[in-house]
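As structure tokens, the structure follows; a few thoughts come after it.
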Amino acid sequence: MNTIQAIILLKNGMKKYGSIMSSEFRHTILFIPGAETMFKDTEAAMNLAQYIPVDEIESIDTYLK
């Protein structure tokens with residue numbers, strides 16, 4: 001799974017920690033909350049996946065593992 005570790009700050013003040021994957025939908029990102037090391041397979045990760053609209057995001061901070 002090709003992901004980027006990130007902290008997303010939403011416009012409502014909520015912070016989300018996890019991994020960003022590219023989204024096939026325009027104006028959204030595919031976000032998987034939690035540490036990438038939690039997932040042993042792609043199916044388990046995709047069960048937690050969230051589509052976050054870009055217009056709800058205040059900022060995205062990426063970091064290295």
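All values derive from a computational prediction rather than experimental measurement. Throughout, residue positions are numbered sequentially from 1 according to the sequence presented.
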Report the C-alpha distance between Leu10 and Ile57 in whole Å, list the side-chain angles of each, state the deciding distance to 0.1 Å, and finish with yes or no for side-chain contact (heavy atoms from CB on, under 4.5 Å). CA-CA 4 Å; Leu10 299 177; Ile57 298 172; 4.1 Å; yes
Rounded to the nearest 0.5 angstrom, the CD1-CD distance for Ile32 and Gln5 is 10.0 Å
Just how far is it from atom CE of Met21 to atom CD1 of Ile29, taken to the nearest 0.5 Å? 12.0 Å
So Ile60 and Ile4, side-chain contact (heavy atoms from CB on, under 4.5 Å) or not? Walk me through it. CA-CA 11 Å; Ile60 298 174; Ile4 299 169; over 6 Å; no
Of all the heavy-atom pairs spanning Tyr17 and Phe31, show the shortest one and how long it is. C-CZ, 3.4 Å
CG/Leu9 to NZ/Lys16 distance, rounded to the nearest 0.5 angstrom? 11.5 Å
Are Glu58 and Lys11 side-chain neighbours, meaning at least one heavy-atom pair lies under 4.5 Å? yes
So how far is it from Ile20 CD1 to Ile8 CD1, rounded to the nearest 0.5 Å? 4.0 Å
Residues in side-chain hydrogen bond (donor to acceptor under 3.5 Å, both in side chains) with Thr28, at least two apart? Ser23
